[in-house]
**Q** 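Here it is, the structure, as structure tokens.
Note: hydrogens, waters and symmetry copies are ignored here, and every other heavy atom, side chains too, is used. Just follow the structure's listing: the first ligand is 1, and inside any ligand the first atom is 1. Start at 1 with the first residue, then count along the sequence.
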Amino acid sequence: MQLVLGDENEVYELASLKIKETENKYIKKGINDLSEKEKKIKAKSLVLVYKKTNRVILELNMIQNQHYYPLSILDYARIMKKYMKKEIPSLPIMSLDSHDYNFCDFNCKDCLAIDTRQWAQKNLGYTTYDIETYEKTLKEISRYSQKRGLDSVRFEMSGEGNPDMYPHRARIIEYAATKCNMKCVYVSSGSMLDEKTIDALCKYAYYIRISLPGINNESYSLYSNQVSDNKFTYDDAMNLIEKLVKKRKEYNREDKLMIGARACMRPENEGYYIKTAKKLGEIGADSFQIVKILIPLGDKIEKYRIPQETVDELTHLHKNYEDYGLMHIQTPHKLDYMYYHRELEDLTKPSQCYSSLVSPILYGPNLVICTHWEKIKDINNSHYGKMRGNINELEDIMHNEHANYIRNIVPKNCSSCCSIFDNQVLEMIKAQLVLVDDLDDVEFYLTY
Ligand code: SF4
Ligand code: SF4
């Protein structure tokens, strides 16, 4: 049975494209007992309901809960509706991906950041981000978005190096959370996390995702390619996740803070996906992402067909992840090859790049249209400008002639897109709203 959760925690049953409030108290309790985190992560689809008749006029199933967390597709849909109703002058920055540190302790074999990292050091003079400008910039971004109907911007720290090594990490997390009401997301190997940062993360962050270069000690060592004598291992990463989980409990934030791990598909990981999922579940982590990355340069994808045993292992995991104690799993959609082809995927381009409005990147102090390496290196056609953190500067930076110019030439000039899915989803939402006569007659909800 498909259920829909209303804004006042009322629960509806969805059948034959209509919603009807349920009388069943067990069903109501089941949904309302979900934690704040579970309500976002366990959602199955987004629906648009015509309020007068309770008829569902749109359902989107690919809603990528983990990708948007701690926001959800519902936040994006409702902001789009506000924009279409002209309640806000333009879309807010909903998610900011900040690349604030430009060195790494690992030398991963197929690191995609090396090229842009070296380019940025040479061409932007950017290696790290001074903390005073950084804080002012976050304040300005949150002001800009609040004015456009979003109280809390998703603030992801990941990047061109190891974010653990940024010297002011604990301070910027606390500042973003307490002074800007941002929702912090942290992505790193965790190899250089200090106690102060662990504490700040567990107290303020909403999602910590530890990247695993391999999912056993051998493949971790092979792919992280560390040169120091004191190498960080797969076991160390698992111990770190366990420590984060314990600290989260101390701060009583189990209902909000999601802790997970991500691993890329590798030949050496075969046979270890279920073992890692089980281990993660046992130590209290919530999620496990298994993803494909681009085939290493010069290599041939045909060499890396996924063996049947691994297809079986991942299919089993996808169906039974809850039995291993996990709240969420992500496995690749197509279980054909272990990597993505380097040839461009010829997907239909959206008419507009929404992503450049709602999720630009902060590349040091530079506000850039998206994370695609071609864009990072194309200052004239992809950089909005350098942020100084002055109040109201975004009204100009995001809407001046240059900003309009760079947004006008995408996506038609983009050779591929790192946010194709986000763009397509927002386009679908907008296209449906255009068809509605009176936007006050419809509302978006999540289903379970
Ligand atoms: S941890 Fe990330 S940034 Fe560092 S070398 Fe590996 S892939 Fe590159
Ligand atoms: S690649 Fe182009 S269309 Fe895709 S997010 Fe970047 S600017 Fe937008």
Side-chain angles (χ1 to χ4, degrees), residues 67 91 93-95 97 99-118 120-121 127 157-166 186-193 209-214 219-228 231-232 234 236-237 261-264 266 291 293-294 296-297 344-361 363 367-384 403-427:
H67 170 66
L91 294 169
I93 292 176
M94 301 201 61
S95 181
D97 190 353
H99 296 198
D100 53 24
Y101 193 72
N102 220 339
F103 297 98
C104 193
D105 52 329
F106 286 12
N107 299 285
C108 296
K109 286 190 157 197
D110 35 23
C111 173
L112 293 173
I114 290 177
D115 174 49
T116 41
R117 191 191 299 164
Q118 286 169 352
Q121 286 166 6
T127 48
M157 291 152 277
S158 56
E160 296 283 288
N162 183 349
D164 305 349
M165 294 164 77
Y166 181 59
Y186 192 72
V187 178
S188 91
S189 65
S191 63
M192 303 282 278
L193 269 178
R209 196 183 76 204
I210 299 299
S211 309
L212 303 171
S219 68
Y220 196 102
S221 164
L222 178 68
Y223 284 96
S224 62
N225 199 18
Q226 298 162 75
V227 288
S228 83
K231 294 187 177 64
F232 197 70
Y234 168 78
D236 291 336
R262 174 174 135 141
C264 301
R266 309 282 191 183
V291 299
I293 55 165
L294 281 176
L297 265 176
L344 305 175
E345 285 185 39
D346 193 17
L347 294 169
T348 318
K349 289 180 182 173
S351 63
Q352 197 188 331
C353 174
Y354 300 96
S355 182
S356 60
L357 281 162
V358 299
S359 49
I361 61 161
Y363 196 80
L367 195 65
V368 181
I369 197 161
C370 74
T371 53
H372 197 288
W373 64 270
E374 278 176 1
K375 307 287 164 199
I376 292 172
K377 287 165 72 174
D378 185 357
I379 300 177
N380 290 337
N381 296 312
S382 305
H383 288 214
Y384 286 119
N404 290 333
Y405 159 76
I406 63 176
R407 280 199 297 267
N408 272 339
I409 57 170
V410 293
K412 63 176 180 299
N413 281 4
C414 300
S415 54
S416 62
C417 181
C418 46
S419 303
I420 187 86
F421 185 78
D422 294 9
N423 279 327
Q424 286 174 337
V425 163
L426 279 172
E427 180 131 289

**Q** Do Val410 and Lys375 make a side-chain contact, defined as non-hydrogen atoms from C-beta onward lying under 4.5 Å apart?
**A** yes
**Q** For residues Phe232 and Ser221, determine if any side-chain heavy atom of one lies less than 4.5 Å from a side-chain heavy atom of the other.
**A** no
**Q** Would a 4.5 Å heavy-atom cut-off, applied to side chains only, mark Met192 and Phe106 as touching?
**A** no
**Q** If the condition is salt bridge (charged side-chain N to carboxylate O under 4.0 Å, His left out), which residues does Arg407 pass it with, not counting sequence neighbours?
**A** none
**Q** Going by chain and residue number, what protein N/O/S atoms come nearer than 2.8 Å to atom 6 (Fe) of ligand 1?
**A** Cys108 SG
**Q** Does Tyr354 use its side chain to pair, donor to acceptor, with the backbone of Val425 at less than 3.5 Å?
**A** no
**Q** Report yes or no: is the cationic atom of Arg266 (NZ for Lys, CZ for Arg) under 6.0 Å from the centre of the six-membered ring of Tyr223, at an angle within 45° of the ring normal?
**A** yes
**Q** Name the residue from Ile369, Leu367, Thr371 that meets the side-chain contact (heavy atoms from CB on, under 4.5 Å) definition with Ile361.
**A** Thr371
**Q** Could you list the atoms of ligand 1 found under 4.0 angstrom from a heavy atom of Arg117?
**A** 3 (S), 8 (Fe)
**Q** Identify which one of Glu160, His372, Gln121 satisfies the side-chain contact (heavy atoms from CB on, under 4.5 Å) criterion when paired with Thr116.
**A** Glu160
**Q** Can you sort out the partners of Asp422 under salt bridge (charged side-chain N to carboxylate O under 4.0 Å, His left out), two or more places apart, ordered by chain and number?
**A** none
**Q** What is the closest protein heavy atom to atom 1 (S) of ligand 2, and at what distance does it sit?
**A** Ser416 O, 3.3 Å
**Q** Which atoms of the protein, restricted to N, O or S, are nearer than 2.8 Å to atom 6 (Fe) of ligand 2?
**A** Cys370 SG
**Q** Using atom types as modelled and distance alone, determine if a side-chain donor or acceptor of Asn225 lies under 3.5 Å from a backbone N or O of Asn107.
**A** yes
